[in-house]
Amino acid sequence: MTREELIATLKSLLWENDETKIIVFINSAIAYINWYTFQNYSLNDLNLIPYDIFMVIIDLVKDKYHERIWVESERLSDYSITYTTKDLSNDAKILLDRYRIIYVN
């Protein structure tokens with residue numbers, strides 16, 4: 001899926017014409033996925049994102065657009081953010097777990 005296709009899909013699903021707002025939501029969803037999976041996906045390099053992850057991004061953007069925010073805590077000095085998974089569907093968790101990197105010492 002290209003950047004334009006992703007944005008167009010979300011604009012049509014949400015009936016939202018503000019592309020900047022959609023991009024902010026997509027970047028937030030990608031940040032959440034990166035935090036959850038320890039990956040380094042980016043809206044600027046979509047060819048690295050598996051199709052399954054696109055489906056989770058779409059679900060997360062829809063949730064965030066409808067005010068189901070997933071930020072649990074945020075700290076400003078030495079910036080830190082913690083996300084919650086309680087609003088994430090079980091299907092999305094299962095998909096993301098496939099891409100999760102687990103470090104073993």
Side-chain angles (χ1 to χ4, degrees):
M1 184 176 291
T2 67
R3 176 186 171 107
E4 291 75 24
E5 289 171 334
L6 179 61
I7 292 168
T9 299
L10 286 164
K11 283 172 73 175
S12 66
L13 283 174
L14 301 173
W15 295 59
E16 175 63 58
N17 290 323
D18 185 355
E19 188 170 307
T20 304
K21 190 176 190 179
I22 295 294
I23 290 171
V24 167
F25 287 149
I26 292 170
N27 283 329
S28 293
I30 290 173
Y32 175 88
I33 289 167
N34 288 340
W35 166 83
Y36 189 90
T37 63
F38 303 103
Q39 299 284 351
N40 193 21
Y41 301 124
S42 167
L43 183 58
N44 296 324
D45 199 4
L46 293 181
N47 60 338
L48 299 177
I49 301 178
Y51 185 76
D52 292 347
I53 299 293
F54 280 116
M55 296 300 101
V56 176
I57 289 170
I58 289 169
D59 284 345
L60 289 173
V61 169
K62 288 189 315 188
D63 287 349
K64 186 153 186 153
Y65 185 79
H66 295 294
E67 298 303 321
R68 290 179 54 196
I69 308 296
W70 347 280
V71 174
E72 188 171 280
S73 68
E74 199 168 8
R75 192 176 66 224
L76 187 56
S77 179
D78 293 323
Y79 188 75
S80 173
I81 188 165
T82 304
Y83 295 94
T84 180
T85 60
K86 61 185 168 200
D87 290 331
L88 195 61
S89 72
N90 283 336
D91 292 340
K93 285 180 189 177
I94 290 168
L95 276 173
L96 289 179
D97 282 343
R98 291 182 194 164
Y99 296 94
R100 194 168 188 151
I101 295 172
I102 299 173
Y103 296 102
V104 179
N105 291 333

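Everything quoted here is computed from the prediction, not taken from an experiment.
At least one side-chain heavy atom of Asp97 sits less than 4.5 Å from a side-chain heavy atom of Tyr36.
Within the model, atoms CD of Gln39 and CG of Asn34 stand 7.5 Å from one another, a figure rounded to the nearest 0.5 Å. We find the OG1-CG distance between Thr20 and Asn17 to be 12.0 Å, quoted to the nearest 0.5 Å. Between Thr37 atom OG1 and Tyr32 atom OH the span is 10.0 Å, to the nearest 0.5 Å.
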Would you be so kind as to tabulate the donor-acceptor pairs closer than 3.5 Å made by side chains of residues 42-58, with sequence neighbours excluded?
unit_1, atom_1, unit_2, atom_2, d
Ser42, OG, Asn44, N, 3.0
Asn44, OD1, Arg3, NH1, 3.4
Asp52, OD2, Tyr99, OH, 3.2

Pairs under 3.5 angstrom only: tabulate donor-acceptor contacts from the side chains of residues 6-14 to other protein residues two or more places apart or in another chain.
unit_1, atom_1, unit_2, atom_2, d
Thr9, OG1, Glu5, O, 2.7
Ser12, OG, Ala8, O, 3.3
Ser12, OG, Thr9, O, 2.9

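Under the 4.5 Å side-chain heavy-atom criterion for ILVMFWY residues, a single connected hydrophobic cluster contains both Ile33 and Trp35.
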